[in-house]
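Note sheet for the following structure.
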Amino acid sequence: MAYDFVTQKLECALKAMTSVIGADWIQSRDALTRPLLDAYEPDALKHRAGAVVQPCCTEEVRAIVRIAAEHSVQLWPVSRGCNLGYGGSAPLLAGSVILDLRRMNRILEVDTAGAFCVVEPGVGFAQLSEYLQREHIPLCPSIPGNPTGSLIGNALERGIGYHPYGEHANYLCGLEVVLPTGNLLRTGMGALKNGSCWHRYPAGLGAAWDQMFVQSNLGIVTRAGVWLMPEPEACLRTQVALPNFSDLEWAIESLAELRLQRLVEHPIIVGNFLHDAAVHSHRNEWHSDDDTSIPDAVVTRIMDQYGLGWWNFPLMLCGYPEVIRAQAKILERRFAGKVHYPLQFEGWVRGDAYPSPLATAPSLTGLKVVDWEGADGAHLFSAPVLPAVGRLASYHARRSQRFFELHSTDYCCTFVVGPRHVRNINTILFRLNDPVSVARAHALCGALIEDAHAHGYGEYRAHLDFMQKAADSYDFWNHAQRALNNLVKDAIDPAGILAPGKNGVWPKRLREPPSC
Ligand SMILES: Cc1cc2nc3c(=O)[nH]c(=O)nc-3n(C[C@H](O)[C@H](O)[C@H](O)COP(=O)(O)OP(=O)(O)OC[C@H]3O[C@@H](n4cnc5c(N)ncnc54)[C@H](O)[C@@H]3O)c2cc1C
């Protein structure tokens, strides 16, 4: 009976939405295919959406939100929905309607002198990159490992890229947001009717709200200003390979200092050998036993085959040629005696042929990591934040590696080094069609989150299946932060329709049992 009522509500809402956006832009539940949801979710029903709606403009988004509130139908907004490893476009709560914004894909403005662009949520990294190159605009977008996503969706998840503007959430400036009531907000200087510094100065007067819409379920971002790095006069790039697991300790210590001193300005992505090797080959070419992770002798063979160290990372210097040459000398001195070869820098100066190390065309190669386990390969991420202290990072890596071994899974990870913190992104590779492999992967992800929590480390981002667990670990003062989140959620989203459960935040009617 309850099911019928829910279905009826959804059908009424979809009918009303059809009258706003047209039947061509609504896909019913029966038409939904795996790629539209979460390509790596083994249980197709767990996060099955009720429908997908694809509005073309802010006004249509506002109308959909008002209809959803009227019919108590939940919406799950995505920009391009490529959140692979964290749940794709699938909603946390089955039956929610995916609000897919990929049709809103206009590059609204590029200000070359001001070094920013204004984009809609459907604008992808590849689209912007191609546009800038085609128009000869000397601005460089920061691109993540998965380039199929969107500037806005990735930044709203606090995504990471490889160049100096790689902390994407920090480079959002000025948002347009549809609130869960359907009202429209422009943040910062956009709150002035004729605000001309909307995408130049991040705050307005008084409390600033941009970050409130990052990793939250409090609004739908329909456009944003994104700061872009001006093309430098020159770049130098080198790839460093460290032969031993134990090198991680001094490497994190040194790299964090280089970041703190601003000698290296980009997030430094230190990946283990498998993070690179998995892109080039399949597991069964190296090791046939499913019940053990790859042994050390095989690790050595893999490293030899691809010329990899146990840990590998790129370093990039950008700026004036005289300055970066001097900086490169400092790096050479810093690594002398630590690596068994002189650092080799590859150079680019303005006027050289593209791509520059900064403006590299988005590449799909990195996505092949998932094929390590074979044709039905899939993955999950767990991603705790640690202090940028070599001893702690190294101890953490040893513990994590042990958890991978205990769960018969190959250790695949990166450590993303910032000036004061390190994000440890564990890539848990598994086979989608093998229940044992799926169970192992999920058990491992849970164990890693628990272990991190026990050591005082919280997740920076979480997969749908682990969002609640990750949110529960933020437990200071009897979950005081959750109490505040609930208060704000209820005030801003009184009908409780927007992305219920996102990062552990539920609307009142779904977190409390119904009263009689
Ligand atoms: C091999 C591999 C490598 C990867 N490498 C990286 C990497 O280097 N760096 C990185 O950051 N990620 C990486 N990822 C993870 C992920 O694929 C990317 O972050 C991707 O950019 C996210 O997809 P998207 O941009 O389409 O975001 P979406 O899926 O559109 O959005 C993500 C989430 O943000 C929220 N959201 C999105 N848009 C809106 C909106 N307009 N309003 C309100 N809320 C919204 C929603 O909660 C949504 O679920 C990688 C994944 C894989 C498989």
Side-chain angles (χ1 to χ4, degrees), residues 110-112 114-117 119 123-133 137-173 224-240 255-256 258-271 275-276 312-321 323-325 327-328 331 343 345-350 352-367 414-419 421-423 425:
V110 176
D111 187 315
T112 309
F116 66 84
C117 64
V119 292
V123 172
F125 292 100
Q127 180 189 351
L128 181 66
S129 202
E130 279 160 24
Y131 175 81
L132 296 173
Q133 286 202 26
I137 298 173
L139 295 173
C140 313
S142 165
I143 295 168
N146 169 11
T148 63
S150 58
L151 274 90
I152 290 185
N154 182 282
L156 291 178
E157 277 291 271
R158 300 203 174 93
I160 310 161
Y162 291 68
H163 89 21
Y165 285 28
E167 292 286 351
H168 295 160
N170 295 352
Y171 294 92
L172 286 172
C173 182
V226 180
W227 287 348
L228 300 173
M229 181 173 164
E231 184 184 84
E233 282 202 3
C235 299
L236 286 171
R237 185 183 184 283
T238 186
Q239 183 72 23
V240 184
L255 296 176
L258 293 173
R259 296 282 338 260
L260 210 50
Q261 298 291 353
R262 297 194 162 184
L263 194 91
V264 177
E265 298 213 66
H266 60 90
I268 305 173
I269 314 225
V270 181
H275 183 254
D276 288 305
N312 305 278
F313 56 91
L315 290 174
M316 197 160 48
L317 299 166
C318 313
Y320 296 101
V323 176
I324 62 173
R325 275 200 297 271
Q327 289 174 322
L331 290 183
L343 296 187
F345 285 94
E346 151 201 6
W348 177 90
V349 287
R350 195 180 288 167
D352 277 1
Y354 277 95
S356 78
L358 273 175
T360 39
S363 154
L364 296 176
T365 313
L367 295 181
T414 55
F415 285 80
V416 182
V417 185
H421 70 270
V422 175
R423 265 171 287 183
I425 313 221

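With rounding to the nearest 0.5 angstrom, the CG atom of Leu331 is 8.5 Å from the OG1 atom of Thr238. In this structure, CE in Met229 is found 4.0 Å from SG in Cys318, a value given to the nearest 0.5 Å. Here the SG atom belonging to Cys117 is positioned 9.5 Å from the CD1 atom belonging to Ile137, to the nearest 0.5 angstrom. Taken from CG in Leu315 to CD in Gln327, the straight-line distance is 11.5 Å, to the nearest 0.5 Å. Taking CD1 of Ile269 as the start and CG of Asn312 as the end, the distance is 13.0 Å to the nearest 0.5 Å. Between Met316 atom CE and Glu265 atom CD the span is 10.5 Å, to the nearest 0.5 Å.
Leu367 has its side chain within reach of Asn146: a pair of non-hydrogen atoms, C-beta onward, lies under 4.5 Å apart. A heavy-atom distance below 4.5 Å is found between the side chains of Leu156 and Leu172. Using a 4.5 Å heavy-atom threshold, the side chains of Ser129 and Ile143 count as touching. In this structure the side chain of Ile160 reaches within 4.5 angstrom of the side chain of Ile425, judged on heavy atoms. A heavy-atom distance below 4.5 Å is not found between the side chains of Val264 and Leu255.
Here the side chain of Arg259 pairs a donor or acceptor atom with the backbone of His266 at under 3.5 angstrom. The backbone N or O of Glu231 sits less than 3.5 Å from a side-chain atom of Arg350, completing a donor-acceptor pair.
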Starting from the C-alpha separation in whole Å, work towards a yes-or-no answer on side-chain contact (heavy atoms from CB on, under 4.5 Å) for Phe313 and Val417. CA-CA 10 Å; Phe313 56 91; Val417 185; over 6 Å; no
Let me see the working for Val110 and Tyr131 under side-chain contact (heavy atoms from CB on, under 4.5 Å), right down to the final yes or no. CA-CA 10 Å; Val110 176; Tyr131 175 81; 3.7 Å; yes
- request: Take Val270 and Val422 through the test side-chain contact (heavy atoms from CB on, under 4.5 Å) and record every step on the way to the result.
  value: CA-CA 10 Å; Val270 181; Val422 175; over 6 Å; no
message: Using the rule given for side-chain contact (heavy atoms from CB on, under 4.5 Å), can you reason through Leu128 versus Val226, listing the C-alpha separation, both sets of side-chain angles and the distance that settles it, and then say yes or no?
response: CA-CA 11 Å; Leu128 181 66; Val226 180; over 6 Å; no
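Ring pair Phe125/His168 is tilted by interplanar angle, where 30° to 60° counts as tilted.
Pairing each heavy atom of Glu233 with each of Pro321, the nearest pair is OE1-CD, 3.6 Å. When all heavy atoms are compared, the tightest approach of Thr112 to Pro138 is CG2-CD, 3.7 Å. Pairing each heavy atom of Pro267 with each of Gly161, the nearest pair is CG-O, 3.5 Å. Nearest heavy-atom pair across Pro314 and Ile268 is O-CG2, 4.0 Å. Closest approach of Asn154 to Pro144, counting heavy atoms only: ND2-CG, 3.7 Å. Residues Ala234 and Val349 approach most closely at CB-CG1, 3.7 Å, considering heavy atoms.
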